[in-house]
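Heads up, the thing below is written out as structure tokens.
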Amino acid sequence: MSLKVYNSLTRKKEEFKPITKGHVGMYVCGPTVSGESHLGHARPYITFDIVNRYLMHLGYKVRYVRNITDAGHFEEEGREAEDKISKKAQLEKIEPMELVQKYTNLFHWAMKEFNTLDPNIEPTATGHIVEQINMIEKIIEEGYAYVSNGSVYFDVKKYAATHDYGKLSGRVIEDLLETTRNLDGQEEKRDKADFALWKAAPPKHIMRWKSPWGDGFPGWHIECSAMATKYLGAEFDIHGGGMDLLFPHHESEIAQSTICNHQTPAKYWLHNNMITIAGKKMGKSYNNVIKLTELFSGNHPLLTQAFSPMTVRFFILQTHYRSTLDFSSEALVAAEKGLKRLWEGYEVLNKLQAASFKLQAENAELEATLLKLMAELDDFMNDDFNTAKVLANFFEMVPIINGIKDGHISADAISSGTFQLMKTSFKVWLEDILGLKNSKETNPALNNVMELLIEIRKEARANKDFATSDKIRNQLTEAGILLKDEKDGNISWEIQ
RNA sequence: GGUCCUGUGGCCGAGUGGCUAGGCAGAGCUCUGCAAAAGCUUCUACAUCGGUUCGAAUCCGGUCAGGACCUCCA
């Protein structure tokens with residue numbers, strides 16, 4: 001079964017066929033670095049990290065481009081043009097670029113914590129003003145944009161006459177022309193549905209660039225079109241982002257690029273659904289965001305505890321990316337425990353001795369079950385990246401692994417080949433494709449100390465000196481280390 | 001108001017016609033010096049009404065409820 005992806009453009013799952021054999025170009029809308037990232041932001045970056053990783057797993061050479069929006073958009077279109085980033089900088093009395101740097105660094109830090117792979121190119125909007133101006137000029141030449149008071153607008157009505165404006169978001173152009181909200185200062189535009197490509201900067205505006213139309217700054221949608229075109233070409237494979245960007249952002253990107261490059265920019269449009277909180281989308285409009293720093297520290301009224309980045313990643317992967325995911329502290333606690341169980345199963349698997357398995361499996365049924373569980377993994381991922389089902393299959397393998405470890409299931413039951421395949425599968429799927437990792441720190445010195453303590457405790461237990469053995473266990477518990485006496489006499493430990 | 005989506009057991013969630021999803025929580029048992037861990041077993045489902053079908057959580061229609069977009073948003 002080959003990879004199928006749900007294409008928002010056609011509203012269907014389609015077989016993924018790259019434009020250039022063996023290569024994939026993917027553009028994902030990146031963060032606006034005018035503030036701290038919140039849980040909602042984490043979803044697209046983790047989702048498309050999976051897409052990136054899986055495409056690489058399939059052998060594609062991927063060019064993954066994710067921008068940094070550091071030029072800011074309009075606070076509210078039609079009002080006095082106001083750059084979000086410069087506005088906040090003035091309030092905080094620091095340079096706009098200082099603010100941009102701060103939040104860019106914070107974003108990069110969070111992405112590292114989530115164990116996402118870096119994009120191949122991470123272009124900034126401010127670094128591509130020239131490209132954006134060039135693109136706007138070309139759209140004007142083509143006759144689909146007009147200058148008004150030093151600003152440039154895209155002529156949606158004209159575009160819609162010959163193209164399908166609304167094909168991505170399912171909008172009907174007549175409705176758009178009628179129902180778009182009537183804002184102040186709309187008189188610059190020929191039509192309410194028109195969107196800005198370039199906005200004249202008022203005198204006090206800090207972030208400004210020279211252009212053929214006077215000092216100003218780029219409009220909301222043009223940066224993505226310009227950067228995607230520059231690094232991926234007029235037509236590329238995948239464009240990703242959150243569902244809330246479908247309209248007007250992506251719809252407008254299509255319109256701009258279509259006029260400029262004479263073709264639809266991306267073949268497949270992939271959109272992740274929203275994270276909700278008490279049923280409502282997490283977003284600044286609702287003022288219900290949980291920042292990533294708050295999540296990792298537990299410092300938020302809705303959180304009962306801190307949650308590690310891996311817990312959050314796992315939480316997100318347990319749901320299909322096109323479904324909404326409802327956040328609650330309780331759900332994250334469940335995810336944390338689930339991940340722990342899964343990861344411990346993986347660690348147990350790695351500790352099993354290969355020598356205890358034989359060439360032939362004695363339990364053909366169990367052997368077949370395992371092989372089926374592993375064979376299905378590809379099908380699940382190929383079916384529009386169903387990470388939830390992948391994880392479910394691994395959870396089904398965990399009791400079997402634990403059973404072999406405690407002797408409940410004989411090691412003879414499965415073949416050595418299957419055992420090796422399991423080890424490989426856990427590694428490849430959990431670590432390489434799903435990007436999960438052990439969040440526990442390993443400290444060689446501590447390991448040595450623990451070995452010593454465990455040795456002493458074992459001896460004490462053998463001598464029925466339970467006072468000593470309990471003392472070791474209790475005091476370690478107080479020190480934050482949990483000892484677990486296992487069935488075979490071994491003792492394992494973990495930091496709480 | 002327009003366009004679209006969703007409604008699964010205590011909680012989170014997968015699942016497009018017949019096969020146990022899975023995780024968390026709960027209950028019982030096994031193992032154990034005790035505890036924890038682990039294993040085994042197990043209870044709660046498909047909003048509602050009607051239709052199609054041999055058979056529907058899954059398809060169709062109505063109703064109710066919630067949500068997203070239409071405006072900055074991941």
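Chain naming here is simple, since letters A, B, ... match the order of the sequence lines and numbering starts at 1 in each.
In this structure, CH2 of A/W493 is placed 17 Å from C1' of B/A36, rounded to the nearest angstrom. In this entry the distance linking CG of A/N273 with P of B/C69 reads 10 Å, nearest Å. When the C1' atom of B/A38 is taken as reference, atom CD1 of A/I400 falls 15 Å away, rounded to whole Å.
Phosphate contact (OP1/OP2 of B/A74, side-chain N/O of A/N272, threshold under 4.0 Å): absent.
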Please list, pair by pair, any protein nitrogen or oxygen found under 3.5 Å from a nitrogen or oxygen in nucleotides 21-31 of chain B.
{"residue": "B/A25", "atom": "OP1", "partner": "A/K337", "partner atom": "NZ", "Å": "3.1"}

Enumerate the protein-to-nucleotides 66-68 of chain B contacts in which both atoms are nitrogen or oxygen and the separation is below 3.5 Å.
{"residue": "B/G67", "atom": "OP1", "partner": "A/K280", "partner atom": "NZ", "Å": "3.0"}
{"residue": "B/A68", "atom": "OP1", "partner": "A/K281", "partner atom": "N", "Å": "3.4"}
{"residue": "B/A68", "atom": "OP1", "partner": "A/Y286", "partner atom": "OH", "Å": "2.8"}
{"residue": "B/A68", "atom": "OP2", "partner": "A/Y286", "partner atom": "OH", "Å": "3.4"}

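Checked against ring-ring contact (aromatic ring centres under 6.0 Å, His included), A/W343 has the following partners two or more places apart in sequence or in another chain: A/Y346. Not counting sequence neighbours, the partners of A/F419 by the ring-ring contact (aromatic ring centres under 6.0 Å, His included) test are A/F357. A search for salt bridge (charged side-chain N to carboxylate O under 4.0 Å, His left out) contacts involving A/R171 returns nothing, not counting sequence neighbours. For A/F315, there are no ring-ring contact (aromatic ring centres under 6.0 Å, His included) partners, not counting sequence neighbours. When the ring-ring contact (aromatic ring centres under 6.0 Å, His included) test is applied to A/H38, the partners found at least two apart in sequence or on another chain are A/H41.
Sorted by first and then second residue, the side-chain hydrogen bond (donor to acceptor under 3.5 Å, both in side chains) pairs with a member in residues 385-401 of chain A read A/E376-A/N393; sequence neighbours excluded. Applying the salt bridge (charged side-chain N to carboxylate O under 4.0 Å, His left out) definition to pairs two or more places apart or across chains, none involves residues 33-45 of chain A.
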